[in-house]
Amino acid sequence: MAGQFRSYVWDPVLILTQIVLMQAVYYSSLGLWLALVDSLVQNSPSLDQIFSYEILGFSTPPGRLSMIAFILNALTCALGLLYFIRRGKQCLDFTVTVHFFHLLGCWIYNAHFPTALTWWLVHVVCTALMAVIGEYLCMRTELKEIPLNSVPKSSV
């Protein structure tokens, strides 16, 4: 969209598409980071690493590695915000939405509400990182000059 202003019309189809896309980015990149971390330590991948809140922790090596994967995923998802959302004002909204749906997924997967302090700590840090870095990246692109004409200026 180089050289054009973005429309501010409320478009629910666009918003729902962006939510679904960001969820796909979140889980696919988290799966890739967990697979990479698991391959480094020859650990078998498990769905518990994504949804079980009891896995995350400082005391066990798999818990620490999963926390690293979640942090790296926040950085990857910030790039997703840059490429798919492109609005600094909406980065926090989409970040909280992604993590809210992850909370619901964890709640359904475990059949009870997450109560582990480390799970909440990791996700609050990941939410903050994803929102702040995503907003920074989007603001950098929003502040670029908008070309007003395509004709080069003649020197007078």
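Here, residue 1 is the first one in the sequence, and each next residue gets the next number. Values below: all heavy atoms of this structure, side chains included; hydrogens, waters and symmetry mates excluded.
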| request: Could you check if a side-chain atom of Leu65 sits within less than 4.5 angstrom of a side-chain atom of Asn43, using non-hydrogen atoms only? | output: no

| Is Ile71 linked to Leu40 within one hydrophobic cluster, defined over Ile, Leu, Val, Met, Phe, Trp and Tyr using a side-chain heavy-atom separation of less than 4.5 Å? | no

| said: So, taking the atom named CE in Met67 and the one named CD1 in Ile55, what distance separates them when rounded to the nearest 0.5 Å? | reply: 12.5 Å

| task | Give the intermediate values and the outcome of side-chain contact (heavy atoms from CB on, under 4.5 Å) for residues Phe113 and Cys106. | result | CA-CA 8 Å; Phe113 193 75; Cys106 291; over 6 Å; no

| Are the side chains of Tyr109 and Asp48 in touch, meaning some heavy atoms are under 4.5 Å apart? | yes

| field | Within the 6.0 Å centroid threshold, strictly below: Phe94 and Tyr26 | value | no

| query | Under 3.5 Å, is there a donor-acceptor pair between the His112 and Tyr53 side chains? | reply | yes

| message | How close do Ala78 and Leu137 get, counting heavy atoms only, and between which atoms? | response | O-CD1, 4.1 Å

| task | Indicate the atoms forming the closest heavy-atom contact of Gly80 with Val25, along with that distance. | result | CA-CG1, 4.4 Å

| note | What one should report as the nearest heavy-atom pair of Cys126 and Ala74 is O-CB, 3.6 Å

| message | Quick check on the hydrophobic clustering: are Leu79 and Ile68 connected, directly or via other members, by side-chain heavy-atom contacts under 4.5 Å? | response | yes

| Do Phe100 and Trp107 have ring centres separated by under 6.0 Å? | no

| said: Are Tyr83 and Tyr136 linked, directly or through intermediate hydrophobic residues, by side-chain heavy-atom contacts shorter than 4.5 Å (ILVMFWY only)? | reply: yes

| note | d(Leu21 CG, Ile85 CD1) to nearest 0.5 Å is 7.0 Å

| message | If I compare all heavy atoms of Gly134 with all of Leu81, which pair ends up nearest, and what's the gap? | response | CA-CD1, 4.0 Å

| task | May I ask you to check whether over 12 heavy atoms, not counting those of Arg64, lie within 6.0 Å of atom CZ? | result | yes

| request: Evaluate side-chain contact (heavy atoms from CB on, under 4.5 Å) for Leu16 paired with Val20, printing each intermediate quantity in order. | output: CA-CA 6 Å; Leu16 288 175; Val20 169; 5.6 Å; no

| task | Kindly indicate whether the side chain of Leu56, heavy atoms from C-beta on, has any atom under 4.5 Å from the side chain of His123. | result | yes

| task | Let me see the working for Arg86 and Glu142 under side-chain contact (heavy atoms from CB on, under 4.5 Å), right down to the final yes or no. | result | CA-CA 8 Å; Arg86 296 184 176 223; Glu142 286 177 358; over 6 Å; no

| request: Please confirm whether the backbone N or O of Leu36 pairs with a side-chain atom of Ser39, one donor and one acceptor, at under 3.5 Å? | output: yes

| What is the minimum heavy-atom distance between Thr95 and Cys91, and which atoms define it? | OG1-O, 2.7 Å

| query | Nearest 0.5 Å, what's the OG-CG distance between Ser52 and Leu47? | reply | 9.5 Å

| Are Phe58 and Val124 linked, directly or through other ILVMFWY residues, by side chains that come within less than 4.5 angstrom of each other? | no

| remark: When rounded to the nearest 0.5 Å, the distance separating CD of Glu54 from OG1 of Thr118 is 10.0 Å

| field | Worked check of side-chain contact (heavy atoms from CB on, under 4.5 Å) between Val125 and Trp120 | value | CA-CA 9 Å; Val125 167; Trp120 285 101; over 6 Å; no

| query | Where the side chain of Gln18 meets the backbone of Phe84, is there a donor-acceptor pair that is under 3.5 Å apart? | reply | yes

| task | Spell out, as yes or no, whether a donor-acceptor pair under 3.5 Å connects the side chain of His102 to the backbone of Val98. | result | no

| query | How about Lys89 and Glu135: do any of their side-chain heavy atoms sit closer than 4.5 Å? | reply | no

| Under a single-linkage definition using a 4.5 Å side-chain heavy-atom cutoff for Ile, Leu, Val, Met, Phe, Trp and Tyr, are Met22 and Val132 assigned to the same hydrophobic cluster? | no

| query | What is the distance from atom CD1 of Ile50 to atom CH2 of Trp33, rounded to the nearest 0.5 Å? | reply | 14.5 Å

| request: List the atom of Trp119, the atom of Pro114, and the distance in Å for their closest heavy-atom pair. | output: CE3-CB, 3.9 Å

| Pairwise distance CE(Met139) to NZ(Lys144) - rounded to 0.5 angstrom | 14.0 Å

| field | Residue pair Gln49 / Asp38, side-chain donor-acceptor N/O under 3.5 Å | value | yes

| Phe101 side chain near Ile19 side chain, heavy-atom distance below 4.5 Å | yes

